[in-house]
Undergrad: 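My structure is below; once you've seen it, I'll send some questions.
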Amino acid sequence: MTVNLSKGQAISLQKSDGGTLTAVRMGLGWQAAQRRGLFGKRTKEIDLDASAVLFADKQPVDVVFFRHLVSDDGSVKHTGDNLVGGAGQGGDDEAIMVDLQRVPVHIDQIVFTVNSFTGQTFAEVENAFCRLIDETTGQEMARYTLTGGGQYTAQIMAKVHRQGDGWQMTALGDPANGRTFQDLMPAILPKL
């Protein structure tokens, strides 16, 4: 069963049978908003990028994004860069897989972001979402809709953080501006 998350809502990453998740996938999907032109509707290609920043005691220690597809320890992997988004079919255009059992013990938070590398605002994006999937079963556990458009170029989507012996996900959904994850660091740090 999928939980539709609202901004700031947290969910435990425990399985319904009481076990713990071992691997999750954060998926990102979007499509360019149609615009009316002189000769009918048209869309402009939009390059959104998903990133995962790994933190240890509120300090960034690694990042996974389109230019660094695998974390240094191998626990986090990006599926690759999608330069144009989807056709609205609901699938993931970019995804980041996290093997929770392999994440080094000193890593206590992983923050997922999305930014418009080509600089368009979210007002020009439709049907954008991020979702968390149990990578072992393929079951969607949580979905956060990137709603409302807006005149910003990035969003701090969610964070996965250690909670006792397990992990928890918190939907953040905070708008920001920047073309890369580096531009977003001043906005990410207060969320840790």
Side-chain angles (χ1 to χ4, degrees), residues 2-11 25-37 41-55 58-60 62-69 76 78-96 98 109-133 142-161 168-192:
T2 298
V3 175
N4 287 312
L5 294 173
S6 57
K7 184 175 179 175
Q9 183 179 1
I11 63 165
R25 178 174 73 233
M26 179 66 72
L28 168 66
W30 76 94
Q31 67 184 126
Q34 290 194 355
R35 309 181 101 181
R36 289 189 171 258
K41 293 182 181 177
R42 61 188 179 106
T43 59
K44 184 176 184 180
E45 292 180 351
I46 295 178
D47 180 11
L48 297 184
D49 290 321
S51 302
V53 185
L54 288 70
F55 289 89
K58 299 187 179 186
Q59 297 297 315
D62 201 356
V63 66
V64 173
F65 70 117
F66 69 94
R67 289 192 178 140
H68 184 70
L69 295 176
V76 182
H78 195 297
T79 59
D81 197 12
N82 181 319
L83 302 176
V84 297
Q89 304 302 317
D92 299 333
D93 296 312
E94 290 192 13
I96 298 174
V98 181
Q109 298 186 67
I110 302 171
V111 177
F112 297 92
T113 66
V114 58
N115 54 273
S116 174
F117 188 74
T118 45
Q120 292 97 340
T121 68
F122 277 86
E124 299 176 71
V125 179
E126 285 185 350
N127 301 323
F129 65 87
C130 70
R131 64 189 190 132
L132 189 71
I133 297 111
R143 178 176 286 260
Y144 184 71
T145 302
L146 304 171
T147 59
Q151 296 302 312
Y152 50 89
T153 59
Q155 190 155 87
I156 303 165
M157 296 188 307
K159 70 178 179 179
V160 175
H161 49 101
Q168 182 169 323
M169 176 188 170
T170 302
L172 299 171
D174 288 333
N177 282 297
R179 293 180 57 234
T180 66
F181 75 89
Q182 293 101 323
D183 298 338
L184 304 179
M185 290 307 287
I188 292 173
L189 293 175
K191 306 298 175 200
L192 302 177

Undergrad: So which heavy atom on P175 is nearest to which on Q155, and how close?
TA: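 Smallest interatomic distance, heavy atoms only, reads N-NE2, 4.1 Å.
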Undergrad: Just how far is it from atom CE of M169 to atom CE of M26, taken to the nearest 0.5 Å?
TA: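 Here the interatomic distance stands at 4.0 Å.
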Undergrad: Among all residues two or more places apart in sequence or in another chain, which pass the side chain to side chain contact (heavy atoms under 4.5 Å, CB included) test with A50?
TA: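 Scan of A50 (side chain to side chain contact (heavy atoms under 4.5 Å, CB included), adjacent residues dropped) gives L28, H78, E94, I96.
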Undergrad: Looking at every non-hydrogen atom in both residues, tell me the closest pair between A154 and G178 and how far apart they are.
TA: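 So the minimum-distance heavy-atom pair works out to CB-O, 3.8 Å.
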Undergrad: Could you tell me whether the side chain of L172 reaches within less than 4.5 Å of the side chain of F112, counting heavy atoms only?
TA: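 Answer no - side chains too far apart.
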Undergrad: Any idea which heavy atoms bring F117 and T180 closest together, and the distance?
TA: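 Reported closest heavy-atom pair: CE1-CG2, 4.1 Å.
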Undergrad: Given the rule in the side-chain contact (heavy atoms from CB on, under 4.5 Å) test, do K191 and D174 qualify, once you have shown the distances and angles that lead to the verdict?
TA: CA-CA 9 Å; K191 306 298 175 200; D174 288 333; 2.5 Å; yes
Undergrad: Would you give the length of the straight line joining atom NE2 of H68 to atom OG of S51, rounded to the nearest 0.5 angstrom?
TA: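 Taking NE2 in H68 and OG in S51, the distance rounds to 11.5 Å.
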Undergrad: Atom CG in L48, atom OG1 in T118: separation rounded to 0.5 Å?
TA: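 One gets 7.0 Å once the value is rounded to the nearest 0.5 Å.
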Undergrad: Looking at residues at least two apart in the chain, or sitting in another chain, which of them share a ring-ring contact (aromatic ring centres under 6.0 Å, His included) with F65?
TA: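 So F65 forms a ring-ring contact (aromatic ring centres under 6.0 Å, His included) with F181.
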Undergrad: Taking the side chain as every heavy atom from C-beta outward, state whether T170 and H161 have any atom pair closer than 4.5 Å.
TA: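 In contact.
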Undergrad: Are any of the side-chain heavy atoms of L192 and V111 separated by less than 4.5 Å?
TA: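 Result yes, sub-4.5 Å side-chain heavy-atom pair found.
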Undergrad: Side-chain contact, heavy-atom cut-off 4.5 Å: V98 with I110?
TA: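 A side-chain contact exists here, since the closest heavy-atom pair is under 4.5 Å.
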Undergrad: If I compare all heavy atoms of V76 with all of A52, which pair ends up nearest, and what's the gap?
TA: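 So the minimum-distance heavy-atom pair works out to CG1-CB, 4.3 Å.
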Undergrad: Identify the two heavy atoms, one from F55 and one from P60, that lie closest to each other, and give their separation to 0.1 Å.
TA: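 That closest heavy-atom pairing would be CD2-N, 3.4 Å.
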Undergrad: Can K159 and Q168 be said to form a side-chain contact (heavy atoms from CB on, under 4.5 Å), step by step?
TA: CA-CA 8 Å; K159 70 178 179 179; Q168 182 169 323; over 6 Å; no
Undergrad: To the nearest 0.5 Å, what is the distance between NZ (K58) and CD1 (I188)?
TA: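 The CD1 atom of I188 is 14.0 Å from NZ of K58, to the nearest 0.5 Å.
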Undergrad: Between N115 and R179 (side chain of the first, backbone of the second, donor and acceptor by atom type, cut-off under 3.5 Å), is there such a pair?
TA: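 Yes.
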